[in-house]
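Notes to accompany the following structure.
Proteins come first, then strands; the chains are lettered A, B, ... in the order of their sequence lines, and each starts at number 1.
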There are 2 protein chains.
Amino acid sequence: MKTEFCKVDEALSILVGKWKPIILLHLFNEGTLRFSELKRLMPDITQKMLTKQLRELETEDIIDRVVYPQVPPKVEYSISEYGKSLQPVLNVMHEWGSAHTKHMQEKRNRKNLEQSS
Amino acid sequence: MKTEFCKVDEALSILVGKWKPIILLHLFNEGTLRFSELKRLMPDITQKMLTKQLRELETEDIIDRVVYPQVPPKVEYSISEYGKSLQPVLNVMHEWGSAHTKHMQEKRNRKNLEQSS
DNA sequence: CCGAATCCCACAAGATACTG
DNA sequence: CAGTATCTTGTGGGATTCGG
């Protein structure tokens, strides 16, 4: 692979953001969620951040945003057809991440063992 | 998948950093590289950043750092055995990233077409 | 209910200079 | 050659308030 054509950064740029992976996970799990439902699933996120992250995912075509013109407002989010192509990427990253957590855990254990001996 | 156990963030935390993917790509391609060789391959990175990113990858066990005690100094970096487990992750991300670049490109083309009609 | 607007801080990253 | 040490700046993310 030529370094000039490395597109890992491109994928990274879509996924980085403190809340994007968890937002995507909820949408993959639940299918469709209202803004308020997402907010309830992630109590620590502020409305501003939730809005921002959703907008960014929307401009990248990863998620669909449907506004129901009514009062009170109702906005539903879901993974777009195109966005579903992200599933395998997220899976691979999740699995490697799990393995890595375990790896670093065991490393710490070994170090503690050395110290106590 | 339970949201509490989402480990995508874990993988992300290893890969984020403006230069990490390209550093890893060079090391995967070349096998072993000296500090100065990496610097030459990435003219725009500062020594400080190169050092920092390499240190972070090292503490996560992704790369090996070998110091030759001689004057002038010589330090070689390479992907660790464990680090090689990242290869498939990077591949998947690269391929999705390429496809996404194309997707957004075509989207722009369609929009331009609409405007000119 | 869903968001926009504003203010704020921490931290990633760059520029530059120095050293064993 | 392979790094530190400082200083500065840009930006991601948080708290809070206001609006349709």
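- Nucleic acid contact class of A:Glu56 (heavy atoms, under 4.0 Å, all strands): none.
- With rounding to whole Å, B:Lys39 atom NZ is found 12 Å from C:dG14 atom C1'.
- For B:Lys18, the listed nucleotide lying nearest its side chain is C:dG14; candidates were D:dA2, D:dT4, C:dG14.
- Side-chain atoms of B:Lys48 come within donor-acceptor range of the base of C:dG14, with a qualifying N/O pair under 3.5 Å.
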Candidate pair B:Leu15 and B:Leu90, rule side-chain contact (heavy atoms from CB on, under 4.5 Å), full reasoning: CA-CA 9 Å; B:Leu15 267 8; B:Leu90 293 173; 4.2 Å; yes

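- Checked against the 6.0 Å centroid threshold, B:Phe5 and A:His94 do not count as a close aromatic pair.
- For the pair B:Gln70 CD and D:dC1 C1', the interatomic distance rounds to 10 Å; values are reported in whole Å.
- Residue B:Arg55 has a polar side-chain atom (N or O) positioned under 4.0 Å from OP1 or OP2 of D:dG3.
- Straight-line distance from the CD1 atom of B:Ile45 to the P atom of C:dA12: 15 Å, rounded to whole Å.
- Across the protein-nucleic acid pair, A:Gln47 atom CD and C:dG3 atom P stand 9 Å apart, rounded to whole Å.
- One finds no side-chain N or O of A:Thr46 lying less than 4.0 angstrom from the OP1 or OP2 phosphate oxygen of D:dA15.
- Note on A:Tyr77: only backbone sugar-phosphate atoms sit closer than 4.0 angstrom, heavy atoms only; bases stay farther off.
- B:Pro73 comes within contact range of at least one nucleobase, with a heavy-atom separation under 4.0 Å.
- For C:dA13, the OP1/OP2 oxygens have a side-chain nitrogen or oxygen of B:Gln53 closer than 4.0 Å.
- Residue contacts for B:Arg40: at a heavy-atom cut-off of 4.0 Å it reaches no nucleic acid atom on any strand shown.
- Between the OH atom of A:Tyr68 and the P atom of C:dG3 there is a distance of 13 Å, given to the nearest Å.
- As a whole-Å value, the separation of B:Glu37 CD from D:dA2 P is 8 Å.
- If you take CH2 of A:Trp19 and C1' of D:dG14, they are 10 Å apart, rounded to a whole angstrom.
- No option in B:Glu76, B:Lys74, B:Arg34 other than B:Glu76 meets the side chain to side chain donor-acceptor pair (under 3.5 Å) test with B:Tyr68.
- The environment of NZ in A:Lys102 is sparse: at most 12 heavy-atom neighbours from other residues, nucleotides or ligands sit within 6.0 Å.
- Residues A:Val75 and A:Leu54 form no side-chain contact, since every pair of their non-hydrogen atoms from C-beta on lies 4.5 Å or further apart.
- Positionally, the nearest nucleotide of DNA chain C for A:Val75 lies more toward the 5' end than for the other of A:Val75 and B:Lys52.
- Using a 4.0 Å cut-off, some side-chain N or O of A:Arg34 falls inside it from OP1 or OP2 of C:dC2.
- A straight line from CG of A:Asp44 to P of D:dG12 spans 21 Å, rounded to a whole angstrom.
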